Each structure stands twice: as C-alpha cells, then as structure tokens.
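Reckoned from all heavy atoms, side chains included, excluding hydrogens, waters and symmetry mates. Letters A, B, ... mirror the listed sequences (proteins, then strands); counts begin at 1. Keep in mind the model is a prediction, meaning the values are calculated, not measured.
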Protein chains: 2
Amino acid sequence: MKATIYDVSRLSGVSTATVSRTFSAPEQVREDTRRRVYEAASALKYTPNAIARDMALQRTNRIAYLICKRQATILDEFYAGICEGIMRRANALNLQLIVSTADDWRQMAANAQSKQVEGVILGGDVAPAMVSEFQARNTFIVLVNNRMEGFDLPCVVSDERQGIRQAAQCLAEAGHRRIALMMGGYSPFIVGERYAGFIEAMAALRLPVTDADVTMCDRTAASAAESAMKLLSGPDRPTAVLAVSDVVAAGVMKAARRLGLSVPGELAVTGYDDSAICTLLEPELTSVHIDVRRMGETAVNLLCRGLEGEDTPRLTVIPTQLTRRGSV
Amino acid sequence: MKATIYDVSRLSGVSTATVSRTFSAPEQVREDTRRRVYEAASALKYTPNAIARDMALQRTNRIAYLICKRQATILDEFYAGICEGIMRRANALNLQLIVSTADDWRQMAANAQSKQVEGVILGGDVAPAMVSEFQARNTFIVLVNNRMEGFDLPCVVSDERQGIRQAAQCLAEAGHRRIALMMGGYSPFIVGERYAGFIEAMAALRLPVTDADVTMCDRTAASAAESAMKLLSGPDRPTAVLAVSDVVAAGVMKAARRLGLSVPGELAVTGYDDSAICTLLEPELTSVHIDVRRMGETAVNLLCRGLEGEDTPRLTVIPTQLTRRGSV
DNA sequence: TCGTGAAATGTAAGCAGTTACATTCGGCTT
DNA sequence: AAGCCGAATGTAACTGCTTACATTTCACGA
C-alpha cells in the first residue's frame, strides 16, 4: 500500500537514484528535476522509509539511556534531570533516544551489536558485567554519575568534592565548628567521593571530624529524621548538619522541629542536589546545585565524539555551585 | 566485519533459511541442526541484525512517548511517573521506548509513517494539528492526561472530578464550610474538569462557592504563596484551601506561616498529585493520589491493542485516592 | 561545429534478514 | 521394495533505500 521510491521514480520519470538523492542530498539534483520529484512524492504521499534507510546506511542515529537503579528510575529527580539534558541534546543532534532500565540491558546489548542502537549512556549503579558485555560487542558507552576502575571509558560526574567543600565552607563561614555529615545511600563511588570530600574540606578548614558525626541513612525523610534525632538529642550536639541529599536535609529539619531546635538559629542545615523541594521547605534550603542537565548534554556530546571515532576525555567533571537560601 | 546469517550458514553447512529459523522459530528446526547452528553462531559471535529483521518484517516493536510541554518535561514528576509506567509496561512487552518532546513531532510523524515507530503516546498539551498529522499518516496514537473533542482516539485520564470531590469531602468532614479552590496552570481540559468537579462537589456538600474563593496561579510555590496571601489576609477568610497541586499547597502553607496561621489548626490545606514533597512538608500534606504509573501502563496496553487492530475504549478513567496526612 | 570536463542522471549491486514454495529426508505401511 | 506423508531443509524472491560506477547532458571555449 505504502508508496516506495520506485513508485515515485515511475511517476516522476526519473531513476530511483535521483529520487533518493532528491531526499537525502537535494543539492545534487537540478532544480526542475527536484520539483518533479517532490510533486510526484506528494501526489503519492511518499515518505522515505527510515528502516530501509537505516539498513542501507548501517546507521540509525539512535542512542539509548539506561538507568541502572532498583527503584524509581526516571522518577528520581536527579536521573530525570540528566534525562532531560540527554533528550534536549539528542533532539538538537537529530538523534533518537531510547530510554530504558537496567533490566533491559541484555536486550540492549544485542541491539547495540547490530547497531540498531549506536551507543549507550549508562546512568547509576552499573555492574561491571554489563560494561564488559557492551564492550565485547564493540559498543561505545558513556558513564554518567559514576566511574569505574579498570574500564577505559568516558565518564561524566559532578564535582562531589567541590560540592561538599562549598557546603562545608558555607557552614564554617556562618561560624559553625561542629559540623555533622549525613549521607543517603548511593553508589560506592559517589559515597566515597563525598566522604573524602568532607574529610578534605574539614581539614582545610581546620575543623575536627569525629566518627560519631558521620552518619549514613536511607534516602527517605523518615529514615533521615530518625538518624538525626539520635544525632541531635545528645547534650553535646553538632550545630550544623551537612546533608548530602535534599531529602535527607528535609528529614533533618523535621527532627529539628520535633526537638524544638530552630533552623537556622539553633541548627544550620545544608542540602545537596538543589532539587525542587528546596524552595518549598521552611526555611528554604541552602543546597549544592548540580548541573544535571549539563551532565546529560555532556554525555551525549561525548558519545557522539566517540561514535565519530574521535578521542574523548576519560573524565569530565561538572562543577557544582552553592545556592544560598535560608537554612544556614 | 560483522558476521551475517550467510557466514553462519556457510560455517554450519545449512541454508540461510535454517539459520534464520533457528533464531526466530527454533521449534521448526531439528535438535542436532539447531545445535550446529548455535555453535557456528557463537564461534562467529553472530547476533541477528535487528535492522534487517525490522526491514523484512515491516515491524519494529518500537513505540514513542512524546511529552508536549514547554518547560520541564520529564522533570515534571507527574510526566515522569507516567513515563515510568510506560517504560515498565513496554519492557514487559518487549517494546522499545523512544522518549522525546513535542518539538520533535514532525520528525516523529515521519518515522511513524514508515513504521519505524509503530505507535505514539502523546502526553500533555497536544495541538490538534499534531493529532491530525499523525492520523493522516495512519499512525495509532493514545492520549494520556488529556482529551480532545472531535478526535476519535483513546484517552487515558485520571478521574479529576473524583479527586476534587475526595479532597472537598475530607475538608468538609473536618468541619470546614468555607473552602477555597486554588488551581495551578494546566491544560484547558484539566482545568475545566477540576473546576467543574469543585462546583459539583461543593453543591453535593451544600456548601457555598464564591468567585472570590476560586483562584488561578502559576505552578510555583512563590506564585501560590502570593495569591494565598491575598486570599487569607482578609478578615473573612476561608478556613480551608483545596490546592490542586502539591506545589501550590506548599505555597499556601508558606503564606499561612507568614500570616501566623497554624496548619491544620487555623487553616486546613489539601494538595493534589501526592508527590514526593508531601511527606517532606510540615505538617505532612494530605493529597489526592493519582496513579500515574497505571496511567502509563494503561496507555501502553491501549496502544498495543490498537496496533493489533482490536477495538479499544475511547476513554479510560483512572480512579484517584485520597492520602490523609496531617494538613487537615 | 566540435571537443571537453563537470554536473546530472541512470544502472544495478549491495545492506541482512524472512518466508512462500519446492525439494529432500526418513520412518512407516503395505 | 515401493509408496506415502509429514517434517526438515533449501532456493530464491522480497523488504526499500543508498551509492559506486557508468553514462548522458550541457555549457563553454576553441
């Protein structure tokens, strides 16, 4: 039923090659010929068949973004932000974007091998086996928000150490000496960077760090509030909490309210991610802004360069920025 | 470089037809033949080329989700939730999912015509021209979170009237007579439903509605807070606000705090969407839960049925549910 | 008018599978 | 041993486009 290039060729009286060129390289076709082709095409409601084109060219202009997380994938504001960046950049470059979860990775690896998908961006907690599989199939991959030892691939991460430092500095400037660190559960790489960043920053500020002041909790407000209750109810409590997640910070603020501690008066709090909730809380939350969109865009750029065979940097670090609000 | 079915055919000593069958209909191939083919295939690291298969079969098992919004697309928790649902269901059905924005729709329509994309789910504020274009190209589409007059296509919406009614009832049960409605800016269809739902619910509850108590504002906490300040600072103020968005509700709570009104003591507030922020606010926000995930899943189901040529209901309404927390 | 070279167009061989139809195989009955 | 039949396999046409290479067209100068 569908019109093909042959139908257009017949109706317009030119060869299929010319029809093809009219659509994919019009400058090679003489003006009047071109017009005849267009007329025939619109009479037949012809549209080039993208699948056939992919087949002939052996390329699809299609990339994939795999979010490797157990729970909320795209619902996680962070990964959604990266996705938004990827999407915008992909659109700009005329790339189709397939979004999926890690469950799907074997399937995706197969698709990648047959170049139905040209390259893959992996976000989150990636298993080494997954990376190996893609590499075994000669698929170009870019890691976002993660780094992996022993693999030679481009990574895009935000500058976790800088972010932590900015938060710590902000608290120190406000006169706090006793600063606690509360981290939500993230991938080992992220947690490691953040912890290291904290130690570094505190040393630079000549402030003490005690193990009791470093807490890990789940990434829910309830869990964070619970941990914070313990941390803050002692007689000798920290005067500031550097929460490495806005949700955790919200939990800390809840605990503070329950304990009758005013924020920022009696307790200062900083968050991390600068997510939508920061301006909804009372007081509004000072938080470390991560340019997630740029992370996504950068990942696409790297992927493209890699696909073109160009050299790409192994590591791209996106700077963070502190957004000051009322919680310090 | 890449191994093809011919290479496997040669190495295993069977015809290409048998190789093809071994991969797409193994039960038609005798056990020992099958094994020989598998061996040859793994020796050559052969994987079927999905593009060629798509071409031969004229089908791709690929669908698209187009988010038609100006600003934050996938960053909007609501559309992200729908996306999550679509993604899960698509994975389960072995469909590839392309995610894009409305900017891309002409391109997508062309892809759809050549069946590179088999069907499309449109979310958000869809222009009639867009729908016409897809229909003109014989593409099956499903609308999610929207309905359009004059077009014959399946729609998935949440039961806005029910949601508003649940919120209004909850407030009425708590003894409130003077209930104000605050709506964020959404598509005409949604706003219409919500307003109608409010009028209905208030009538059923035999409560008065005055124009002064119905407010439209932007979907930001700041804008909502500003509107709420006006609404609540008069001497004869409403005792409850039915906010049709959690962000708006957060704005209302901010205004209440500024005015020294305690929530829920002096002012009750309900939100809408039951988003992640509900449990972060103080007090936690009573909100109408929309099963966005199910909306997404349903959209995929409808799309599939439609693609199979089966009849699909024009309208699927997903029920809402009130989640009671501390703000009433 | 003819020759020349660049530009425009045509011919046909891919791209990598699927599958209708034809053929062969192998076990069973007579 | 011949005949038969269904299962297994093979042959080759087909999907719709691109493009290397061959051929034609055309403008321009000699």
Side-chain angles (χ1 to χ4, degrees), chain A residues 1-38 40-41 44-62 110-118 137-138, chain B residues 1-38 40-41 44-62 110-118 137-138:
Chain A
M1 283 307 86
K2 204 88 61 49
T4 74
I5 210 169
Y6 291 94
D7 302 319
V8 178
S9 153
R10 207 172 314 124
L11 183 59
S12 62
V14 303
S15 72
T16 60
T18 301
V19 177
S20 170
R21 283 191 275 255
T22 306
F23 285 97
S24 51
E27 72 283 0
Q28 285 177 26
V29 179
R30 216 171 47 204
E31 165 81 39
D32 56 337
T33 319
R34 214 186 306 163
R35 197 169 27 241
R36 267 164 56 211
V37 173
Y38 283 143
L44 295 166
K45 301 194 181 189
Y46 167 80
T47 307
N49 181 314
I51 307 177
R53 161 177 285 196
D54 289 347
M55 166 110 178
L57 291 177
Q58 300 286 67
R59 94 189 299 275
T60 57
N61 288 319
R62 193 178 301 137
N111 289 334
Q113 176 165 12
S114 60
K115 295 293 173 231
Q116 201 199 33
V117 162
E118 299 197 32
R137 293 161 185 269
N138 268 316
Chain B
M1 284 307 87
K2 204 88 63 48
T4 72
I5 210 169
Y6 291 94
D7 303 319
V8 178
S9 152
R10 206 172 314 124
L11 183 59
S12 61
V14 303
S15 71
T16 61
T18 301
V19 178
S20 170
R21 284 191 275 254
T22 305
F23 285 97
S24 50
E27 72 283 358
Q28 284 177 28
V29 179
R30 218 170 46 203
E31 166 81 39
D32 58 336
T33 317
R34 216 185 304 162
R35 197 169 27 242
R36 268 165 57 211
V37 172
Y38 284 143
L44 295 166
K45 300 192 184 193
Y46 167 80
T47 306
N49 182 314
I51 307 178
R53 163 177 283 193
D54 288 347
M55 166 115 176
L57 291 178
Q58 301 283 64
R59 98 188 295 277
T60 56
N61 288 320
R62 194 177 302 135
N111 290 334
Q113 176 166 12
S114 61
K115 295 294 173 230
Q116 201 198 35
V117 162
E118 300 198 31
R137 292 161 187 271
N138 268 318

Rounded to the nearest 0.5 angstrom, the CG-OH distance for A/Asp7 and A/Tyr46 is 9.5 Å
Sequence neighbours excluded and cut-off under 3.5 Å, please list the side-chain donor-acceptor pairs for residues 51-60 of chain A, or say none.
unit_1: A/Asp54; atom_1: OD2; unit_2: B/Gln116; atom_2: NE2; d: 2.9
unit_1: A/Arg59; atom_1: NH1; unit_2: A/Asn61; atom_2: OD1; d: 2.9
unit_1: A/Arg59; atom_1: NH2; unit_2: A/Glu118; atom_2: OE1; d: 3.4
unit_1: A/Thr60; atom_1: OG1; unit_2: A/Arg62; atom_2: N; d: 3.4
unit_1: A/Thr60; atom_1: OG1; unit_2: A/Lys115; atom_2: O; d: 3.4
unit_1: A/Thr60; atom_1: OG1; unit_2: A/Gln116; atom_2: O; d: 3.1

Output the distance between atom CD1 (B/Ile5) and atom CG (B/Leu44), rounded to the nearest 0.5 Å.
12.0 Å
Whole angstrom is fine here: how far is it from CG in B/Asp7 over to C1' in C/dC15?
13 Å
Over how many whole Å does the gap from A/Ile51 atom CD1 to C/dA16 atom P extend?
16 Å
In degrees, rounded to 10°, what is the bend between the two ends of the helix from C/dT1-D/dA30 to C/dT30-D/dA1, using five pairs at each?
50°
Selection residues 16-33 of chain B - residue pairs positive for salt bridge (Lys or Arg N to Asp or Glu O under 4.0 Å), sequence neighbours left out:
B/Arg30-B/Asp32, B/Glu31-B/Arg35
Sub-3.5 Å donor-acceptor pair from the side chain of A/Gln113 to the main-chain atoms of B/Lys2, do we have one?
no
Contacts of type side chain to side chain contact (heavy atoms under 4.5 Å, CB included), residue A/Tyr38, not counting sequence neighbours:
A/Thr22, A/Phe23, A/Pro26, A/Arg34
Annotated protein contacts, base or backbone, on nucleotides 9-22 of chain D with a non-hydrogen cut-off under 4.0 Å, one of B, S, - each:
BBBB--BBBBB---
In whole Å, what is the span from the CZ atom of B/Arg59 to the P atom of C/dT19?
12 Å
Separation of C/dC15 C1' from A/Lys115 NZ (nearest whole Å):
16 Å
Side chain to side chain donor-acceptor pair (under 3.5 Å) filter on B/Ser24, not counting sequence neighbours, yields none
In whole Å, I'd like the distance from the CD atom of A/Gln116 to the C1' atom of C/dG17.
13 Å
Who passes side chain to side chain donor-acceptor pair (under 3.5 Å) against B/Thr18, sequence neighbours left out?
B/Ser15
